[in-house]
Participant: 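Got a structure here, written out as structure tokens. Questions coming.
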There are 2 protein chains.
Amino acid sequence: MAIKCDCEQCELRTAFFESFSQDELGIFCSQKADTAYKRGDIIFLEGDEVKNFSYLKSGLVKLYKTGSLGKDQILTIAGPFDFVSLLGVFSESHHTYSVAVLEDSVLCHIDISYMKAIALKNGLYTLNLMQKLSAITNKIILESMDIRKRNTHGKVAFILLKFSKMIYTGPVFELPISRREMAEYLGITTENVIRTMSEFRKERLIRINGREIEIVDQKALEQISSFG
Amino acid sequence: MAIKCDCEQCELRTAFFESFSQDELGIFCSQKADTAYKRGDIIFLEGDEVKNFSYLKSGLVKLYKTGSLGKDQILTIAGPFDFVSLLGVFSESHHTYSVAVLEDSVLCHIDISYMKAIALKNGLYTLNLMQKLSAITNKIILESMDIRKRNTHGKVAFILLKFSKMIYTGPVFELPISRREMAEYLGITTENVIRTMSEFRKERLIRINGREIEIVDQKALEQISSFG
DNA sequence: ATCACTTTATGATAAATATCACTTTCGTGG
DNA sequence: CCACGAAAGTGATATTTATCATAAAGTGAT
């Protein structure tokens with residue numbers, strides 16, 4: 001569903017479009033399309049042709065790859081104003097990963113040829129874009145290494161703390177993904193995610209009520225996350 | 001050791017500097033410095049200030065992070081014409097990883113402020129740069145996921161095939177890194193790298209002579225790499 | 001050549017993690 | 001509201017991987 005264009009309100013604008021005049025912004029605006037998605041929607045699949053540069057205005061999505069036996073690997077979870085078109089968007093003609101919606105989201109799609117055309121004309125814009133891309137990509141790589149070096153307990157503690165900070169609504173928050181998706185993100189089995197969370201619960205580090213998690217002993221979790 | 005500037009011979013030039021006139025290339029050339037390094041040299045350390053944009057003209061280097069107990073994590077191995085300044089170079093003021101030389105190398109260093117200044121003026125250059133950065137970063141992320149999803153056997157088979165293709169000099173090649181570094185790259189223990197290689201040797205998939213490896217049964221190794 | 005130090009190598013054992021089997025709970029579509 | 005399938009949860013067991021110990025071979029410095 002296409003919704004009203006509101007670039008002028010876009011949080012990204014200051015960082016990203018400071019190089020545009022009001023007029024240029026208008027043209028840019030007419031080239032792009034905001035679209036609303038619902039939980040479970042697929043934005044694009046690995047192998048699809050790259051048509052747009054996309055970023056997330058609101059909501060939550062996952063970037064993932066699907067293995068041979070339907071076993072997914074989650075690359076990262078993207079939140080508001082993260083780029084969804086990350087990596088190969090400027091170098092590959094087809095997507096190298098899939099994107100699915102975790103929480104109702106609004107994405108802004110900009111024609112990739114148009115993006116490139118602007119890049120040729122507006123250096124400041126491109127530099128800003130590159131800095132933002134660089135920052136996000138760097139974050140993904142570092143996080144991936146961060147996860148890889150931890151054991152199961154450390155991984156689960158890490159992701160719980162990550163979500164609690166990312167979603168922060170007080171001591172209690174709603175996990176945006178299932179236990180299975182947590183496992184696919186962390187590279188461990190679903191059972192071990194559940195088991196480890198149960199252990200944390202028994203040790204009174206967290207409280208669990210379905211997807212609702214309360215961080216009870218943040219210090220201890222941080223210990224486990226750093227050490228494990 | 002600074003050596004003669006030879007941008008005009010640079011393989012990267014066609015892709016990267018097609019946007020430069022001969023004159024501009026001259027100016028660019030005077031801003032940059034080629035430097036030769038020896039095996040074991042450190043190009044820069046995690047935490048060092050980002051001063052240059054660097055790429056590898058020849059040789060082999062590793063990008064890595066050092067953990068709390070001297071346990072390194074290798075992010076990737078970079079070969080000729082790979083960028084060494086990858087990720088945060090446009091977004092971070094300090095390096096987020098270290099770079100060390102595996103085989104005698106020549107690197108080209110370009111002042112990062114100068115790089116940014118050009119970016120503001122020359123859209124084509126910046127777009128080319130972004131495409132190249134995008135491609136390399138994408139490759140790193142995909143490879144990291146590729147490694148993560150494999151078990152020990154699959155990981156070792158994967159890295160042996162990778163090196164054999166990367167270095168290709170015939171059926172026999174010289175491993176560019178130690179067993180310990182392989183372990184740090186794959187996220188497993190040194191013992192398991194050695195053990196797994198021994199098993200491959202016993203099953204007549206490879207021959208081992210120190211760092212010299214011969215791929216005897218490539219098909220079988222590829223099976224193990226895909227399946228494991 | 002020798003000494004000190006690292007790397008390679010192998011085995012035994014411990015610890016971590018996956019797999020399998022099964023129950024309960026939850027959520028959704030009919 | 002019920003039924004069905006998916007998700008959450010737990011235990012028993014198998015498998016994988018790490019850890020520890022120890023030895024041999026290689027490497028560099030003097």
Side-chain angles (χ1 to χ4, degrees), chain A residues 38-41 62 67 69-74 100 102-103 147-160 174-203 206-213 224 227-228, chain B residues 38-41 62 67 69-74 100 102-103 147-160 174-203 206-213 224 227-228:
Chain A
K38 287 193 175 300
R39 172 170 178 78
D41 286 352
K62 64 172 174 180
L69 275 151
K71 287 209 172 185
D72 287 352
Q73 265 188 300
I74 294 183
L102 296 173
E103 288 174 5
I147 290 173
R148 201 175 72 175
K149 74 180 175 200
R150 290 173 161 77
N151 63 21
T152 295
H153 277 66
K155 282 173 178 160
V156 174
F158 177 84
I159 203 179
L160 288 175
E174 185 94 358
L175 278 175
I177 55 177
S178 67
R179 312 290 195 265
R180 183 152 76 94
E181 286 169 317
M182 286 173 69
E184 288 169 354
Y185 194 12
L186 299 173
I188 58 179
T189 57
T190 308
E191 292 95 322
N192 274 332
V193 169
I194 292 169
R195 220 185 297 276
T196 306
M197 280 174 62
S198 295
E199 287 170 34
F200 288 169
R201 177 175 46 73
K202 283 172 198 153
E203 291 159 10
I206 59 173
R207 270 194 270 272
I208 305 176
N209 182 13
R211 284 205 179 178
E212 207 177 271
I213 304 292
I224 293 168
F227 169 79
Chain B
K38 286 190 177 301
R39 175 174 174 73
D41 285 353
K62 65 173 174 179
L69 276 150
K71 288 210 171 183
D72 286 353
Q73 264 187 298
I74 293 182
L102 296 173
E103 288 174 5
I147 290 173
R148 203 176 70 174
K149 75 181 174 200
R150 289 172 160 79
N151 64 21
T152 296
H153 277 66
K155 282 173 179 164
V156 173
F158 177 85
I159 203 178
L160 288 174
E174 184 94 0
L175 278 175
I177 54 177
S178 67
R179 311 289 195 265
R180 183 152 75 92
E181 285 168 319
M182 286 172 70
E184 289 169 352
Y185 194 12
L186 299 174
I188 58 178
T189 57
T190 308
E191 290 96 323
N192 274 331
V193 169
I194 292 167
R195 218 186 298 276
T196 305
M197 282 174 63
S198 295
E199 287 169 34
F200 289 169
R201 175 175 48 71
K202 282 170 198 157
E203 292 158 12
I206 60 173
R207 270 193 268 273
I208 305 177
N209 183 13
R211 284 206 180 177
E212 207 177 87
I213 304 291
I224 293 168
F227 170 79

Participant: Report the distance from atom CD1 of A/Ile194 to atom P of C/dC26, rounded to the nearest whole Å.
Facilitator: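 Whole-Å distance recorded here is 14 Å.
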
Participant: If you only use heavy atoms from C-beta on, which nucleotide in D/dG9, D/dA18, C/dT8 is closest to the side chain of A/Ile208?
Facilitator: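 It is D/dG9.
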
Participant: Let's test this: given Watson-Crick or G-U wobble pairing with both distances under 3.5 Å, identify the partner of D/dG26.
Facilitator: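 D/dG26 is paired, partner C/dC5.
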
Participant: May I ask you to say whether A/Glu199 pairs ionically with A/Arg195, meaning some side-chain N is under 4.0 Å from a carboxylate O?
Facilitator: no

Participant: For D/dA6 and A/Ser178 - does any side-chain N or O of the residue sit under 4.0 Å from the phosphate oxygens OP1/OP2?
Facilitator: no

Participant: Going by purine N1 to pyrimidine N3 plus the second Watson-Crick contact, or the G-U wobble pair, all under 3.5 Å, which nucleotide sits opposite D/dT13?
Facilitator: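 By the stated definition (distances under 3.5 Å), C/dA18 pairs with D/dT13.
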
Participant: Whole angstrom is fine here: how far is it from CZ in B/Phe200 over to C1' in C/dT10?
Facilitator: 17 Å

Participant: Output the rounded distance in Å from CE (A/Met182) to P (D/dA6).
Facilitator: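 Taking atom P of D/dA6 as the reference, CE of A/Met182 is at 21 Å.
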
Participant: Please determine whether a side-chain nitrogen or oxygen atom of B/Arg179 lies at a distance below 4.0 Å from atom OP1 or OP2 of C/dT8.
Facilitator: yes

Participant: Could one point to a donor on the side chain of B/Arg195 or the base of C/dG11 with an acceptor on the other under 3.5 Å away?
Facilitator: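 Side chain to base: pair found, below 3.5 Å.
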
Participant: Rounded to whole angstrom units, what separation is found between the NZ atom of B/Lys155 and the P atom of D/dT17?
Facilitator: 7 Å

Participant: Mark yes or no for whether A/Arg39, through its side chain, and A/Leu102, through its backbone, hold a donor-acceptor pair below 3.5 Å.
Facilitator: yes

Participant: Between A/Thr152 and C/dA16, does any side-chain N or O lie under 4.0 Å from OP1 or OP2?
Facilitator: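 For A/Thr152, the contact criterion (side-chain N or O under 4.0 Å from OP1 or OP2 of C/dA16) is not met.
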
Participant: I need the CG-P distance between B/Asn209 and C/dT8, as an integer number of Å.
Facilitator: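 From B/Asn209 CG to C/dT8 P: 13 Å.
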
Participant: How far apart are the closest heavy atoms of A/Ile213 and A/Met197, and which atoms are they?
Facilitator: CD1-CE, 3.6 Å

Participant: Tell me the interatomic distance from A/Glu199, atom CD, to D/dG11, atom P, rounded to whole angstroms.
Facilitator: 10 Å

Participant: Nearest whole angstrom, please: distance from the P of D/dA7 to the CG of A/Leu175.
Facilitator: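 Answer to the nearest Å: 15 Å.
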
Participant: Which comes earlier along DNA chain C counting from the 5' end, the contact point of B/Ile177 or that of B/Lys202, where each point is its nearest nucleotide?
Facilitator: B/Ile177

Participant: With the side chain of A/Arg180 defined as its heavy atoms from C-beta on, choose the nearest nucleotide among C/dA9, C/dT19, D/dA7.
Facilitator: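 So the nucleotide nearest the side chain must be D/dA7.
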
Participant: Nearest to the side chain of B/Asn192, which nucleotide is it out of C/dA9, D/dG9, D/dT17?
Facilitator: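 From the listed options, D/dT17 comes nearest.
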
Participant: In terms of side-chain heavy atoms of A/Glu191, which of D/dT10, D/dA7, C/dA9 is nearest?
Facilitator: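 It is D/dT10.
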
Participant: Working to the nearest 0.5 angstrom, can you tell me the gap between A/Ile188 CD1 and A/His153 NE2?
Facilitator: 10.0 Å

Participant: Provide the closest heavy-atom pair for B/Tyr185 versus A/Arg148 in the form atom of the first, atom of the second, distance.
Facilitator: O-NH1, 3.4 Å

Participant: If you check every side-chain atom of B/Ser198, which of C/dA9, D/dT10, D/dT17 has the closest atom?
Facilitator: C/dA9

Participant: Measure CZ/A/Arg148 against P/C/dA16 and give the value in whole Å, please.
Facilitator: 20 Å

Participant: Nearest-nucleotide wise, let me know which of B/Ile188 and A/Gly210 is further upstream toward the 5' end of DNA chain D.
Facilitator: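 Result of the comparison: A/Gly210.
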
Participant: Is any side-chain N or O of A/Arg201 under 3.5 Å from a base N or O of D/dG9, one able to act as donor and the other as acceptor?
Facilitator: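 For A/Arg201, whose side chain was compared with the base of D/dG9, there is no donor-acceptor pair (under 3.5 Å).
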
Participant: If you check every side-chain atom of A/Lys71, which of D/dA18, C/dT19, C/dA9 has the closest atom?
Facilitator: C/dT19

Participant: Between B/Arg179 and B/Gly210, which heavy-atom pair has the shortest distance, and what is it?
Facilitator: NH2-O, 2.7 Å

